[in-house]
Amino acid sequence: MSVSIFDYIEKIVPKENILFNEPMSRHTTFRVGGAAKCLIKINNKEQLKKLVPYLQITGQKYFILGNGSNLLVGDRGYSGIVVKLDDGNGSITVEGERMKVSAGTLLGKAAMEAKENSLTGMEFASGIPGTIGGAIVMNAGAYGGEMKQIVESVEVMNREGEILVLDNDTMEFGYRTSVIKSRPFVILETVLALKKGDKEEIGAKMEDLVKQRREKQPLEYASAGSTFKRPEGYFAGKLIMDAGLRGFSIGGARVSEKHCGFVINSGNATAADIREVIEEVQQCVKAKFGVALEREVIYLGDF
């Protein structure tokens, strides 16, 4: 990054929020990954609105990061700038049955705020370890719920800094996808349309879903959640189990014995280990059942 770019960024973002050669293992739920050339912590959308168009104009390579819960960064790191949405877990405004939520808000925080305001519809998201922005990009869901059901509108910014508001239909939500995956938009905030409910019932449902997650998922290990999308007509975890890959490991990376749909870091994995396990699983399932497993996990940087 040139001195002129650094000087400009320093005018937008406090110097202490500009980190050089920052280990990405500190910023992903896999807890692996080499250093980013530069990581910039963004505290509010005004900073984002000034920074992204500038990076675009200068041709600087960059990546927008939320909670890092769906990301595998290579051991040799990332040669561009990581722009991390780090606004103190986000801001939330509640008006009646609607919640305006900033992109960097953790899903768990938003779900708890909904509960405190006796709003139902977000219970499914209470245990998903990501941000609102990331959840919208991939239409995150669990236990019969998904973001598509509660998103009313999304405020986004294009690479030129133009602000647009997309309604639910324009978002083109599908299974683990949205229009954001194919368009160069950065999510700034969203309006969620919820419904009035009973606070105690909402809390009880959230506790039950958290209990189910603990029982069925390997939450004691670092991972990126479900590693693969659900193939049409199948369950990824069952295909992997039936392929004889339960507990399959390379280095410190392993297919979870508790839930075969999760590739976990057992404690000393490298990004290369995790990638090798993922690709071996894909090859074995394809060879045995003719089913192509598609990753939910995003690869970034050099392996």
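Residue numbers start at 1 and run along the sequence shown.
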Do Leu85 and Thr131 have side chains that get closer than 4.5 Å, going by heavy atoms?
no
Tell me whether Ile298 is reachable from Met147 by hopping between hydrophobic residues (I, L, V, M, F, W, Y) whose side-chain heavy atoms are closer than 4.5 Å.
no
Taking atom CD as the centre, does Glu16 end up with more than 12 heavy-atom neighbours from other residues, nucleotides or ligands that are less than 6.0 angstrom away?
yes
Can you tell me how far CD1 of Ile187 sits from CD1 of Ile132, rounded to the nearest 0.5 angstrom?
9.5 Å
Identify the two heavy atoms, one from Lys148 and one from Asn168, that lie closest to each other, and give their separation to 0.1 Å.
O-ND2, 2.9 Å
Decide ring pair (Phe, Tyr, Trp, His ring centres under 6.0 Å) for Phe20 and Phe6; before the verdict, give the C-alpha distance in whole Å, the side-chain angles of both, and the deciding distance to 0.1 Å.
CA-CA 11 Å; Phe20 293 97; Phe6 174 74; 5.6 Å; yes
Which heavy atom of Phe303 sits nearest a heavy atom of Arg76, and at what distance?
C-NE, 3.7 Å
Atom OH of Tyr234: over 12 foreign heavy atoms under 6.0 Å
no
Rounded to the nearest 0.5 Å, the CG atom of Leu48 sits from the CE atom of Met157 at a distance of 4.5 Å
Looking just at side-chain N and O atoms, do Thr270 and Asp273 make a donor-acceptor pair shorter than 3.5 Å?
yes
Quick one: does Arg254's side chain get under 4.5 Å of Tyr221's, heavy atoms only?
yes
Atom CZ of Arg214 and atom CD of Glu220: how far apart are they, to the nearest 0.5 Å?
11.5 Å
With side-chain contact (heavy atoms from CB on, under 4.5 Å) as the test, pick out the partner of Leu166 among Glu155, Met171, Arg183, Glu172.
Met171
Glu123 and Tyr143, any side-chain heavy atoms less than 4.5 Å apart:
no
Taking all atoms of both residues into account, what is the closest heavy-atom pair of Phe124 and Glu146, and its distance?
CZ-C, 3.4 Å
Donor-acceptor under 3.5 Å (Asn67 side chain, Pro129 main chain)
yes
Do you see a donor-acceptor pair shorter than 3.5 Å between the side chains of Lys45 and Ser102?
no
Rounded to the nearest 0.5 Å, what separates atom CZ in Arg98 from atom OG1 in Thr190?
11.5 Å
Crowded around Lys181 NZ? As in, over 12 foreign heavy atoms under 6.0 Å?
yes
State, yes or no, whether a side-chain contact exists between Thr120 and Leu194 at a heavy-atom distance under 4.5 Å.
no
Within the structure provided, determine whether Glu22 and Val82 are in side-chain contact (heavy-atom separation under 4.5 Å).
no
Between Lys84 and Gly66, is there a donor-acceptor pair closer than 3.5 Å when you use the side chain of the first and the backbone of the second?
yes
Could you work out, with side chain to side chain contact (heavy atoms under 4.5 Å, CB included) as the rule, every residue matching Ile12, not counting sequence neighbours?
Tyr8, Gln47, Lys50
Just how far is it from atom CG of Asn44 to atom CG of Asp86, taken to the nearest 0.5 Å?
11.5 Å
Should we count CD of Glu232 as having more than 12 external heavy atoms under 6.0 Å?
no
Any ion pair linking Arg176 and Glu294 (charged N to carboxylate O, less than 4.0 Å)?
no
Can you confirm whether more than 12 heavy atoms, excluding those of Lys196, are under 6.0 Å from its NZ atom?
yes
Please check if Val263 and Ile128 belong to a single hydrophobic cluster, counting links between Ile, Leu, Val, Met, Phe, Trp and Tyr side chain heavy atoms closer than 4.5 Å.
no
Where do Phe173 and Ile136 come nearest, in terms of heavy atoms and distance?
CE2-O, 3.5 Å
Quick one: closest heavy-atom pair of Asp75 and Ala271, and the distance?
OD1-N, 2.8 Å
Spatial distance of atom CD1 (Ile150) from atom CG (Leu119) [nearest 0.5 Å]:
10.5 Å
